[in-house]
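The shown structure was predicted, so the numbers you read here are calculated from the model rather than taken from an experiment.
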Amino acid sequence: DVVKPMITIEECLKDTNRELGKMALDAFYMPSNRVFIESVGSAIDAHRGWLEKLEHMIETGKPEPLQTNDHRCAFGHFYYAVQPKNPEILAIWKDVRDQHKEFHANGDKAIAALKNGNTDTARDYLRRSEDISKKLLKDFETMVLIAEKLEKEQIRIFE
């Protein structure tokens, strides 16, 4: 019963994101390059924190709540709401989707293994997430660098 309101809120957020994504196609509502840079920058910090939390759980042997749905984390909401038009960023953006999904899925598997008392398996999934994270974070950082360059050139990412 405690979870039901959270599910309702997440569904509302999902619907709102979908509408925001449609609005973002309009030049008036289109996100700025700065919004993109800040959102991806926040994703870098959030994903590092996510890994630290998963590692802490495995070290202590105590599962804790952790967002393992790639659509529901803050970056996932942003990712599935908008899509850059700039070809340089778009190529990386598309590549990020599967990495991001697997990153979170490994966390889910690690928590399940931890709940079953299998710390070694949980640690293996943590390592997999860490490996994916290296590439994912590199891609995030590359997109930020490209977006900053485009910002200086006054080229909009979403046009």
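- Residues Y79 and H100 form no side-chain contact, since every pair of their non-hydrogen atoms from C-beta on lies 4.5 Å or further apart.
- The structure places NZ of K101 at 12.5 Å from OG1 of T68, a figure rounded to the nearest 0.5 Å.
- With rounding to the nearest 0.5 angstrom, the OG atom of S32 is 7.0 Å from the CD atom of E38.
- Side-chain rings of H47 and H104 approach one another, their centers coming within less than 6.0 Å.
- Rounding to the nearest 0.5 angstrom, the gap separating the CG atom in D70 from the CZ atom in R97 is 9.0 Å.
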Report, one line per pair, each donor and acceptor closer than 3.5 Å where one atom sits in a side chain of residues 50-57; sequence neighbours left out.
residue: W50; atom: NE1; partner: Q67; partner atom: O; Å: 2.7
residue: K53; atom: NZ; partner: P65; partner atom: O; Å: 2.7

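- The CD1 atom of I92 sits 11.5 Å away from atom CD of E141, with the distance rounded to the nearest 0.5 Å.
- D108 and Y125 share no donor-acceptor pair across their side chains, judged by distance under 3.5 Å alone.
- Two residues are said to be in side-chain contact when any heavy atoms from C-beta on lie closer than 4.5 Å; R123 and T119 meet this criterion.
- Closest heavy-atom contact between A122 and A113: N-CB, 3.7 Å.
- When all heavy atoms of A43 and F140 are compared, the pair lying nearest together is CB-CE1, 3.8 Å.
- Under the 4.5 Å side-chain contact rule for hydrophobic residues, L145 and I157 do not share a cluster.
- Within the 4.5 Å cutoff, the side chain of T121 has no heavy atoms near those of the N116 side chain.
- Remark: L114 CG to D120 CG distance equals 11.0 Å, nearest 0.5 Å.
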Trace of the side chain to side chain contact (heavy atoms under 4.5 Å, CB included) decision for K94 with Q83: CA-CA 9 Å; K94 288 180 177 180; Q83 181 169 311; 4.1 Å; yes
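- In this structure, CH2 on W93 lies 5.0 Å from CZ on F36, to the nearest 0.5 angstrom.
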Atom pairs and distances, donor-acceptor, side-chain atoms in residues 132-139, under 3.5 Å, two or more places apart:
residue: K135; atom: NZ; partner: D95; partner atom: OD2; Å: 3.3
residue: K135; atom: NZ; partner: D139; partner atom: OD1; Å: 3.2
residue: K135; atom: NZ; partner: D139; partner atom: OD2; Å: 2.9
residue: D139; atom: OD2; partner: Q99; partner atom: NE2; Å: 3.0

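- The shortest side-chain heavy-atom distance between L150 and E153 falls under the 4.5 Å cut-off.
- Partner N33 forms a side chain to side chain contact (heavy atoms under 4.5 Å, CB included) with one of Q154, K149, E151 and no other, that one being E151.
- Annotation for V144 and G41: closest pair CG2-N, 4.2 Å, computed over non-hydrogen atoms.
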